[in-house]
Each structure stands twice: as structure tokens, then as C-alpha cells.
*Asks:* 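Structure below; questions to follow.
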Amino acid sequence: MSFREQSGWAMGALMLAMAAWYFGRLGPAAWQPGGTLPVGTLIAYLFLTIAGSILVQAVLAIRNRGEAGSPADEREAAASARAVAWAGHLLTLVLVGALLWFMGHGDGMMLFHALFAGLLASQAVVHLGTAWLLRRGF
Amino acid sequence: MPAPPPIGNRVRDLREARGNVSQAQLGEAIGVTRHTIIAIEQGKYSPSLESAFRIARFFGVGVEDVFSWHG
């Protein structure tokens, strides 16, 4: 398995795990209209995700010394570009859905959660989609 | 699994005919990773036109001696 495929699976798994952690930590008050923004949880999420990403990339780079430092080749770049396009479509769908929800309910807190979930999901799609395309072929 | 692209190739045969050039050596010569050479040989990836020419040039043959269209 190539370095970039390993990186895609590992980073995708990290993104999903961190998203589950973040949404699992939100209390009921965070889901109510007019509820408080979970700033502490948000900052902890960002810090842990950045630290986890550095750790994952460092471990993979040590295990794949030769490949890790070289730029993506044409197949890897094409797989990544396709996955980024999928993530863009997903983000657009979530954005439109969240804005329609906001127009109907005026629920700013839910708008925030939906957009944040969309961002997390799109990041996971970029990483997992790239790994899946490199594994499956295209 | 998606249908493989209708493009066949003789990269593995040519590597073996050239004294077992490794996938890593071929990849390095044309500017792609060993994994991309493996994907090309398995028909999971069709290389760019530039890489196709580079592969043919590496073996000293024409592009159509390496790649064939089965569509």
C-alpha cells in the first residue's frame, strides 16, 4: 500500500473519529435554539485534530521514508482531485440544506452544527475518497 | 469494481524482456511511483499521454507497441 493510500485511510479514520468525539461531547443545550456555542469543545477538537494529524503523518513518514518526501505523481494527484470534487459536492448539498433549514426555522445554532458537520464530512471524504480511488483504480 | 479502461498494455512483458527492469526503476525513470506502475500493469489506471510516451521512449519502442485499444 502506497504512502498516500495509507495516509488517506489513516487521516479519514482520524477525521471520522474526531467528528464522533466532537458531536458526542456536545450537551443537549448546544442543540437548542439560542443555545450556547460549545467554544471549549470546539477549541479542544481543533487542538486534538491538529495534534492527531501531525502524529499520524509523522508515523507514516517514518514508515515510508522514501515516498513521504516526494510529491504526488499523476495518478495520486488525479485521485486527490476527484475526491476533492466529491467533497465539494457534499459541502454544497449540506450548505444549501442548512440554509433552507435556517430560512424555515431561524435556528442559528442548528445552522452552525450543520455547517460544521459538513466541513468535517467533506474532509473525511477527501481523505477516504483518495485512498479508495487509489485502492480500486480509476 | 469499475469496468477496466479498454486499454491494454505490455509494460510487464517489456520490463521482463529488458532484463527484469524493476517497477521502481521504471517508475523513477518516467516520474511516477512504483505503485502507479503496478496500477498500470494491472489495468487499474491509464497513464497520461505524456507518461505513455515516456514509457515507450524508455523501452525504445513506439507507443502502440506498449499500449493497445480494446474498445
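Just so it is clear: chains get the letters A, B, ... in the order the sequence lines come, proteins before strands, and each one is counted from 1.
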*Asks:* Please look at A:Glu5 and chain B and tell me whether the side chain, the backbone, both or neither of the residue comes under 4.5 angstrom of a heavy atom of that chain.
*Replies:* neither
*Asks:* In this structure, are over 12 heavy atoms from other groups packed under 6.0 Å from A:Phe23 atom CZ?
*Replies:* yes
*Asks:* Does A:Val84 share a hydrophobic cluster with A:Val94, counting links as ILVMFWY side-chain heavy atoms below 4.5 Å and allowing steps through other members?
*Replies:* no
*Asks:* Does A:Trp101 CH2 have over 12 foreign heavy atoms under 6.0 Å away?
*Replies:* no
*Asks:* Just do the side-chain contact (heavy atoms from CB on, under 4.5 Å) check on B:His35 and A:Arg4 with the steps written out, would you?
*Replies:* CA-CA 10 Å; B:His35 301 282; A:Arg4 283 188 173 74; over 6 Å; no
*Asks:* Does one hydrophobic cluster hold both B:Tyr45 and A:Met1, with members joined at side-chain heavy-atom distances below 4.5 Å?
*Replies:* yes
*Asks:* Run the side chain to side chain contact (heavy atoms under 4.5 Å, CB included) test against A:Ala98 and tell me which residues pass, sequence neighbours left out.
*Replies:* A:Leu111, A:Ala114, A:Leu115
*Asks:* A:Leu14 and A:Val59: same hydrophobic cluster, using ILVMFWY side-chain contacts below 4.5 Å?
*Replies:* no
*Asks:* Starting at CZ of A:Arg135, measure out to NZ of B:Lys44 and round the result to the nearest 0.5 Å.
*Replies:* 6.5 Å
*Asks:* Distance only, no hydrogens: is a donor on one side chain within 3.5 Å (strictly under) of an acceptor on the other, for A:Glu74 and B:Ser51?
*Replies:* yes
*Asks:* Are A:Ile62 and A:Leu60 in one and the same hydrophobic cluster, where Ile, Leu, Val, Met, Phe, Trp and Tyr link if side-chain heavy atoms are under 4.5 Å apart?
*Replies:* no
*Asks:* Give me the contact list for residues 17-31 of chain B versus chain A, heavy atoms only, anything under 4.5 Å, ordered by residue number.
*Replies:* B:Gly31
*Asks:* The test is side-chain contact (heavy atoms from CB on, under 4.5 Å); show your working for B:Val32 and A:Arg75 and say whether it passes.
*Replies:* CA-CA 8 Å; B:Val32 300; A:Arg75 184 178 69 104; over 6 Å; no
*Asks:* Search all heavy atoms of A:Asp73 against all heavy atoms of B:Thr36 and return the closest pair with its distance.
*Replies:* OD2-OG1, 2.6 Å
*Asks:* Are A:Leu99 and A:Phe112 in one and the same hydrophobic cluster, where Ile, Leu, Val, Met, Phe, Trp and Tyr link if side-chain heavy atoms are under 4.5 Å apart?
*Replies:* no
